Number of protein chains: 2
Amino acid sequence: MIESDIFKALADPTRYVIFEKLAAGRMNASALRDGMAISQPAMSQHLAVLRNAGLVREERQGRFVNYEVDPKGLALIARWLTKYRAYWPSRVDALKTLLKDMDQ
Amino acid sequence: MIESDIFKALADPTRYVIFEKLAAGRMNASALRDGMAISQPAMSQHLAVLRNAGLVREERQGRFVNYEVDPKGLALIARWLTKYRAYWPSRVDALKTLLKDMDQ
DNA sequence: ACAACACATAAGCATAAACTTATGTGACGT
DNA sequence: ACGTCACATAAGTTTATGCTTATGTGTTGT
């Protein structure tokens with residue numbers, strides 16, 4: 001699981017939307033399909049990519065599989081960002097927040 | 001310039017390396033090619049993708065074009081990350097443990 | 001003015017990635 | 001036990017992406 005795999009997972013607009021939906025709350029694969037013009041296999045494949053990137057994790061529940069955001073992937077991106085701290089604009093609040101959480 | 005464009009730009013391993021080299025210091029396109037098995041047009045195309053994603057900016061200097069990291073792209077990623085702050089481990093040491101565990 | 005240089009752009013090709021249809025697997029209800 | 005449901009996997013097709021060669025544009029040195 002390398003950084004560029006995470007970026008690759010989020011590079012596809014469809015997967016990006018799937019991830020955003022999951023960020024709103026855990027959901028099974030069928031619920032994720034609601035309102036998305038996407039076939040069942042396509043959804044399954046996208047979820048596999050997100051899972052392999054460490055962005056999402058699954059939990060089987062009977063014949064349903066619930067998916068949810070996996071902090072692992074997010075943490076990896078956060079750490080990646082800190083490598084380029086020298087280039088951050090000092091006034092951006094988002095960066096301050098991030099820094100505070102990453103540091104002591 | 002949408003988030004998934006940034007992720008797409010960093011998804012390619014070659015572009016990822018180019019960005020890392022630029023993070024070490026501003027450089028022109030030819031200097032970037034040193035030690036990379038990549039043609040001049042390919043480099044030019046990659047730089048265009050990074051520039052359109054807001055990750056890199058250029059400054060013409062005579063017949064050279066110096067490239068450097070653009071904080072705009074990094075700030076966008078940081079902002080994106082903070083949206084999912086709810087999923088970060090609540091305790092900071094938990095985050096550090098998580099990051100450490102991912103090192104192997 | 002002209003040649004060499006640094007880089008960008010165009011067009012075509014080759015590969016990868018996302019989709020499709022078809023089928024497999026395990027869980028549930030009757 | 002059997003059919004249905006929720007999802008995964010396989011195989012093939014289409015589309016996107018990164019590469020190549022060829023050429024264009026602007027700059028520098030002579």
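Since the structure is predicted, the reported quantities are computational estimates derived from the model, not experimental observations. Below, each value reflects all heavy atoms present in this structure, side chains not excepted, and no hydrogens, waters or symmetry copies. Below, chain A is the first sequence line, B the second, and so on; all start at residue 1.
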Open item on the list: Side-chain N or O of A:Arg15 versus OP1/OP2 of C:dA18: is the shortest distance under 4.0 Å?
Closed with: yes

Task: Side-chain donor/acceptor contact of A:Gln40 with base of D:dA6 under 3.5 Å - done: no

Task: Between P of C:dA27 and CD of A:Gln61, the distance in whole Å - done: 14 Å

- [ ] May I ask you to verify if any side-chain N or O of B:Tyr67 is less than 4.0 angstrom from the OP1 or OP2 atom of C:dA6?
- [x] no

Open item on the list: As a test of reading the structure: which of C:dT21, D:dC7, D:dT20 is closest to the side chain of A:Ser39, going by heavy atoms?
Closed with: C:dT21

Task: Whether B:Arg33 side chain and B:Gly35 backbone form a donor-acceptor pair below 3.5 Å - done: no

Task: Atom pair distance, as rounded to whole Å: NZ in A:Lys8 and C1' in D:dA16 - done: 13 Å

TODO: For the pair B:Tyr84 (side chain) and A:Leu74 (backbone), establish whether a donor and an acceptor sit closer than 3.5 Å, ignoring hydrogens and angles.
DONE: no

Task: A:Leu32 side chain near A:Leu22 side chain, heavy-atom distance below 4.5 Å - done: yes

- [ ] Describe the nucleic acid contact of B:Arg33 in one word from base, sugar-phosphate, nothing, applying a heavy-atom distance below 4.0 Å.
- [x] nothing

Open item on the list: What is the separation between atom CZ on B:Arg51 and atom C1' on C:dT9, rounded to the nearest whole Å?
Closed with: 12 Å

Open item on the list: Expressed as a whole number of angstroms, how long is the span from A:Glu59:CD to D:dA6:P?
Closed with: 18 Å

Task: Protein-nucleotide distance (A:Glu58, atom CD; D:dA8, atom C1'), rounded to Å - done: 10 Å

Open item on the list: Less than 4.5 Å apart, side chain to side chain, heavy atoms only: is that true for A:Leu55 and A:Val69?
Closed with: no

Open item on the list: Please report the distance, rounded to the nearest Å, between CZ in A:Arg60 and P in C:dG26.
Closed with: 9 Å

Task: Closest to side chain of A:Val65, choosing from C:dC19, C:dT21, D:dC7 - done: D:dC7

- [ ] Taking only the side-chain heavy atoms of A:Arg63 (C-beta and beyond), determine which of D:dC19, C:dT20, C:dC28 contains the nearest atom.
- [x] C:dC28

Task: Interatomic distance, A:His46 NE2 vs C:dA18 C1' [rounded to whole Å] - done: 6 Å

Task: Expected output: side-chain B:Arg15 to main-chain B:Val49 donor-acceptor under 3.5 Å - done: no

Task: Residue-phosphate contact under 4.0 Å: A:Thr14 side-chain N/O, C:dC19 OP1/OP2 - done: yes

Open item on the list: So, under a plain 3.5 Å distance rule, would you say the side chain of A:Gln45 forms a donor-acceptor pair with the base of D:dA8?
Closed with: no

Open item on the list: On the nucleotide C:dC7, are OP1 or OP2 found under 4.0 Å from the side-chain N or O atoms that B:Asn28 carries?
Closed with: yes

Open item on the list: Measure CG/B:Asp12 against P/D:dC19 and give the value in whole Å, please.
Closed with: 6 Å

